[in-house]
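Okay, so here's the structure we're looking at.
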Amino acid sequence: MKERVLHLPRLLVRLDENPGRAGSRYEELRRRLILFFRLKQPADAEQLADEVLDRVARRVAEGLEILKIEAYVLGVARFVLREQEGTAQSAARALSDLAREQQIEMSDAPADPSSEEHQEALGRCLEELTPADRSMILNYYAAEGSGRINQRQTMARKLGINLNALHNRALRLRKQLEQCVARRTHQARER
Amino acid sequence: VDKVPISALTDLLLHKLSPAQAALLEDRIVQDGEVADLLEVATHDLIDDYAAARLDPEDARRVEEHVLATPDGPARVVFARALSQQQVKNAASIGRGFGNPHSPILPVALAASALIIAALVLLPGRDGVLRRAPTPPGTAAPEATRSRPSPNENGLADSVFTVALLSSQTRGAALPPVDIPSGASLVRIQCEIPPAGSDSRYHLTLKDEVNDTVLSLDALRSRQVGGIHFIEASIEASRLRPGRYRLTVYSDVHSAIPTVEQEFDLQTKNRN
């Protein structure tokens, strides 16, 4: 951890000389790495993403010239993945199986005791959004099946934005709602 | 740079691609933020479909194994279910029906009649008495707002009018009629049914007051949104005349006993 702190500033400067933008780029790289590792090692994705960034930061601190940072990060990610698959395959599978069993138990439960609590929390979190955002998020995720693409394209057109911008707004709002629900349910349990 | 279709990312998440295809997409995810965004979109859609039991068993198994095996996987499913419930509430409150975002209702419905329609429950009780929901407050609207379609809050002009027939309601008095607004070209009828296996098929008939069949459909599959199981059928608005209609759903085309039977009065006085 101490080593990581020592190496991180050099990586941030390499990402962008503006500290604010460098922080954003770092978080964006981390997000993409988490998504990458979730495809292969879902239980350890965040930890592996941090491991990759640590290794890249160390190499940058050692003075390595990296022309395309994303390409280099990808190479390290693949290397870390091979290491992980090679050394801890059985352990990872066991963890994954365990998580899956827990998931199946959860999805089979006829009445999830936390569902009402989440439902109520989400209702309150939705009330905190502006009417336009509330309407947008409910409509965006109400689409289902093969109709999703067409409906979202129509929605984007009518809102005067492109589809990617619509996706981004939905992702941002969903994340905001997930965090709000987690906070509210946590607070409710602490009371 | 080629665009990546969401369907390809869905296949990637479900581990349905060849290793070479998967590797190409994985590279794009790390190197292209837009592709990473799309992967998140595809992930949310898959979790929502899983939570609503819209996936076939094999895909559901793959989602459990590959998408939900993260520490926050169970919480994401709980959130998806809560969101789905909110959508049902939202749909019922503005007359959109189950699982239909913005296709779909006339704005006049937002103002008045669809609010009543969505709250209607015409499911016969055991004693054969029709039941309806209490009409939600604020359903009355100025007549002027019923005159013609206008864009809804997302700027969408709609031409499909949804009639959502729910079953879990309280006994009421006279049934408010379903008033199809002018401009509606298609009427979508969604009828709640008891939960059944995902491979169940239903037969639906809609008969008018002289018992003429105006719609008959076989092999309808049920859908589920937010815990409500329903089947859906659409009919051109021009085929519907004012009067009383009886909608009957059978679990099998040869079955003699209806699974659900509902009646409703239809008005089309505002149609051009």
Side-chain angles (χ1 to χ4, degrees), chain A residues 28-29 31-33 35-36 38-40 42-43 45-46 70-71 73-74 77-78 95-96 99-100 102-104 106-107 112 114-115 118-119 121-123 126 131-132 135-145 147-149 151 154-155 158-160 164 167-168 170-171 174 177-178 181-182, chain B residues 6-7 12-13 15 22-23 26-27 29-34 36-41 43-45 48-52 54 60 64-71 73-87 89-91 96 99-103 151 153-156 223 225:
Chain A
E28 170 62 10
L29 261 180
R31 178 184 76 103
R32 295 185 208 170
L33 282 168
L35 291 170
F36 171 86
R38 276 186 170 171
L39 293 167
K40 304 287 187 181
E46 296 199 15
E70 275 100 348
V73 165
L74 174 64
R78 288 221 174 272
L95 273 174
S96 173
R100 189 180 151 204
Q102 288 168 344
Q103 182 59 44
I104 291 167
M106 187 207 69
S107 63
D112 181 352
S114 66
S115 64
H118 280 77
Q119 179 66 25
L122 179 59
L126 282 165
S135 168
M136 186 263 164
I137 191 80
L138 288 172
N139 285 333
Y140 180 90
Y141 284 113
E144 64 183 63
R148 266 189 186 124
I149 294 172
Q151 283 172 328
T154 306
M155 204 173 162
K158 297 294 180 183
L159 290 170
N164 284 334
H167 289 325
N168 279 332
L171 289 173
R174 184 165 179 144
L177 285 173
E178 283 176 342
V181 168
Chain B
I6 287 186
S7 58
L12 177 71
L13 287 162
H15 288 224
E26 288 159 11
D27 289 0
I29 289 159
V30 177
Q31 300 189 78
D32 185 340
E34 222 166 77
D37 289 344
L38 287 178
L39 182 71
E40 286 204 74
V41 170
T43 305
H44 289 154
D45 288 347
D48 290 349
D49 286 343
Y50 173 85
R54 287 193 289 261
E64 287 165 0
E65 184 173 3
H66 302 300
V67 181
L68 296 174
T70 56
R76 298 178 95 184
V77 176
V78 171
F79 179 85
R81 286 185 180 147
L83 187 60
S84 179
Q85 289 285 348
Q86 286 293 333
Q87 282 155 355
K89 283 185 187 173
N90 187 51
R96 280 177 180 158
N100 296 297
H102 38 80
S103 66
E153 57 197 315
N154 282 311
L156 302 172
R223 295 166 63 198
V225 172

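Heavy-atom basis, side chains included; hydrogens, waters and symmetry copies ignored. Proteins get letters first, then strands, A, B, ... in listed order; numbering begins at 1 in each.
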Sort A:Leu126 into side chain, backbone, both or neither according to what part of it lies under 4.5 angstrom from a heavy atom of chain B.
side chain

Interchain contact, A:Glu178 with chain B, by part (heavy-atom threshold 4.5 Å):
both

Atom pair CG (A:Leu171) and NE2 (B:His44), whose distance is rounded to the nearest 0.5 Å:
6.0 Å

Do you know which of A:Arg78, A:Lys40, A:His167 has the most heavy-atom pairs under 4.5 Å to chain B?
A:Arg78

Might you point out which heavy atoms bring B:Ile29 and A:Leu39 nearest each other, and give the distance in Å?
CD1-CD1, 3.8 Å

Check each atom of B:Glu40 against the heavy atoms of chain A and say whether the ones under 4.5 Å are side chain, backbone, both or neither.
both

Heavy atoms, side chains only, cut-off 4.5 Å: are A:Leu122 and B:Leu83 in contact?
yes

Any chance you could measure A:Leu35, atom CG, to B:Leu39, atom CG, to the nearest 0.5 Å?
5.0 Å

B:Leu12 versus chain A, the contacting section by heavy-atom distance below 4.5 Å:
both

Here the gap from A:Asn168 atom CG to B:Asp37 atom CG, rounded to the nearest 0.5 Å, amounts to 4.5 Å

B:Arg81 to A:Gln119 - nearest heavy-atom pair and separation
O-OE1, 4.4 Å

Is B:Asp45 close to A:Tyr141 at the side-chain level, that is, under 4.5 Å between some pair of heavy atoms?
yes

Taking ring pair (Phe, Tyr, Trp, His ring centres under 6.0 Å) as the definition, give me every residue that meets it alongside B:His66, ordered by chain and number, with sequence neighbours left out.
B:His15

Nearest heavy atoms of A:Arg32 and B:Val30, plus distance in Å:
NH1-O, 3.0 Å

Which residues pass the side-chain hydrogen bond (donor to acceptor under 3.5 Å, both in side chains) test with A:Glu70, not counting sequence neighbours?
A:Arg25

Is A:Ala71 close to chain B through its backbone or its side chain, or both, or neither, when contacts mean heavy atoms under 4.5 Å?
both

Under 4.5 Å, counting heavy-atom pairs only, tell me which of B:Ile6, B:Leu13, B:Leu38, B:Val41 racks up the most with chain A.
B:Val41

Is there a side-chain contact between B:Phe79 and A:His118 in this structure, where contact means two heavy atoms from C-beta onward sitting under 4.5 Å apart?
no

Please flag which part of B:Ala51 lies under 4.5 Å from any non-hydrogen atom of chain A: side chain, backbone, both or neither.
neither

Between CD on residue B:Gln86 and CD1 on residue A:Ile137, distance to nearest 0.5 Å:
12.0 Å

Would you name the heavy atoms of A:Pro42 and B:Pro71 that are closest together and state the gap between them?
O-CD, 4.0 Å

Pairing of B:Asp48 and A:Arg174 as salt bridge, 4.0 angstrom limit
yes

